[in-house]
Amino acid sequence: MLRAAETIVRTDVGRQRRSNEDSSYAGAPVFVVADGMGGAQAGEVASQMVVEAFTAGLPADGTPEERLSIVVQKANHDIHARSRSDAASAGMGTTVTAAYLDEDSVALAHVGDSRAYLLRDGELSRLTEDHSLVEELLRGGKLTEEEALEHPQRSVITRALGIEPIVEIDTWTYPLRPGDVLLLCSDGLTSMLSEQQVQQVLLDSADLQQAGDRLIDAANEAGGRDNITVVLFRVEAASGAEAAVDQPTIIAAAGSLPTMQPARAEITPRPVRQARLQGWKPHMPAGMVQPAKQERHFGRLGKSVALLTALLVVFCLVGGGGYLASRQLYFLGTNGQGTMVVYRGFPYVLPFGIPMYETFYVSGVPAARIPADRRKQWLNHAMRDQTSAISMINALELGQISK
């Protein structure tokens with residue numbers, strides 16, 4: 001029999017957000033991370049509702065995967081109902097990654113792009129698959145690992161709690177052994193650090209408390225673009241008497257259910273992608289919007305060419321009336337929270353990180369609400385007039401986008 005011998009929970013608002021919309025729960029045998037999204041404070045409400053669902057306890061019957069799934073489905077039902085009945089919560093949603101430590105294994109229930117990892121014998125393996133646009137493009141061979149790290153839609157998730165009345169939940173079960181370390185985290189960690197860097201921090205730390213602190217610090221030093229939450233626990237052998245339930249640790253940001261589908265078969269953990277190496281410099285695909293300003297490094301000749309290019313573009317825009325035209329053009333995109341935004345201008349970034357666009361309207365509705373077969377049409381950065389762009393966003397806000 002296994003038990004959680006050491007449990008650490010850490011969260012931080014990051015360096016570019018005003019509030020923390022992450023919530024977490026750690027009360028062996030259950031561990032949860034939820035990353036909220038939505039306008040105003042709706043994101044933190046959604047993630048809190050997930051934690052509340054788990055603090056109420058798991059059903060007594062069923063396999064660990066089924067019991068986790070029932071709670072996640074209940075949380076989804078409640079979040080969706082509240083987003084429809086409360087105007088202040090409209091469009092809210094959240095990710096969830098939940099773990100249940102059984103006698104000799106861990107069961108996972110997962111929706112969104114928060115993650116679960118296993119550290120064993122010095123090797124970090126990812127146990128979950130992101131439900132994100134970038135992950136879909138990676139699996140389809142339409143993006144390289146390098147392009148994925150700086151893709152403009154890297155924050156767009158394709159599945160979340162609260163968007164639809166019923167959510168599809170991924171479940172897995174992995175065998176464990178004494179000494180294994182489990183990490184649950186929000187994407188505020190993995191969007192800032194490569195998996196190799198996370199692995200190295202864990203290996204270099206004296207204990208999990210130090211590891212949790214160092215992971216938070218490293219993500220902030222890398223930019224801290226999002227809220228950062230980590231839940232760490234180590235498993236060890238225990239007798240029945242020792243395997244008592246721990247006092248839960250809760251960190252929160254401020255109906256009848258359908259029959260569950262059979263759980264997915266057990267799969268082998270995926271090793272860390274070796275392409276994500278510490279110190280590697282990502283490449284920004286040409287002609288794509290880059291929401292977050294990135295540091296650029298140019299040699300002496302490179303700086304001169306880049307500056308001349310920027311000046312030439314600006315001259316052409318002003319001299320040819322292009323600047324005035326840009327004030328009449330709009331396109332749809334997402335911000336760092338995966339929320340749909342109307343931008344005014346051109347979907348390009350000049351050398352030195354100078355954007356050719358500005359935020360015109362933030363909808364508060366996550367891009368995950370767009371049906372899968374319509375996402376390419378919505379997120380292709382096509383130029384539109386103001387009326388067309390706003391009409392599309394309004395239709396999304398009112399739930400009038402047909403399947």
Decide, yes or no, whether a salt bridge links [X] with [Y] under the criterion of side-chain N to carboxylate O below 4.0 Å.
X    : Y    : answer
R159 : D170 : yes
R82  : D78  : no
D187 : R115 : no

Return the minimal non-hydrogen interatomic distance between [X] and [Y], and the atom names on each side.
X    : Y    : answer
N227 : R17  : ND2-CB, 3.6 Å
I169 : S69  : CD1-O, 3.5 Å
R177 : D180 : N-OD2, 2.9 Å
D22  : S186 : OD2-OG, 2.9 Å
D226 : I228 : O-CG1, 3.4 Å
Y100 : P64  : CD2-CB, 3.7 Å

ask   = Are the aromatic ring centres of F233 and F31 under 6.0 angstrom apart?
value = yes

key: Candidate pair W378 and M392, rule side-chain contact (heavy atoms from CB on, under 4.5 Å), full reasoning   = CA-CA 9 Å; W378 279 66; M392 291 181 69; 3.6 Å; yes

query = Would you find more than 12 non-hydrogen atoms of other residues, nucleotides or ligands less than 6.0 Å from D204 atom CG?
reply = yes

Spell out, as yes or no, whether a donor-acceptor pair under 3.5 Å connects the side chain of [X] to the backbone of [Y].
X    : Y    : answer
H110 : G112 : yes
T94  : D35  : yes
N76  : P165 : yes
E21  : S47  : no
E103 : L2   : no
R15  : N220 : yes

Checking [Y] against [X]: is there a side-chain donor and acceptor pair closer than 3.5 Å?
X    : Y    : result
D113 : S132 : no
E44  : S19  : no
N20  : T11  : yes
Y117 : Q199 : no
S114 : T97  : no

Hey, does [Y] have a side-chain heavy atom less than 4.5 Å from the side chain of [X]?
X    : Y    : value
M340 : T334 : yes
D207 : Q210 : yes
L108 : T128 : yes

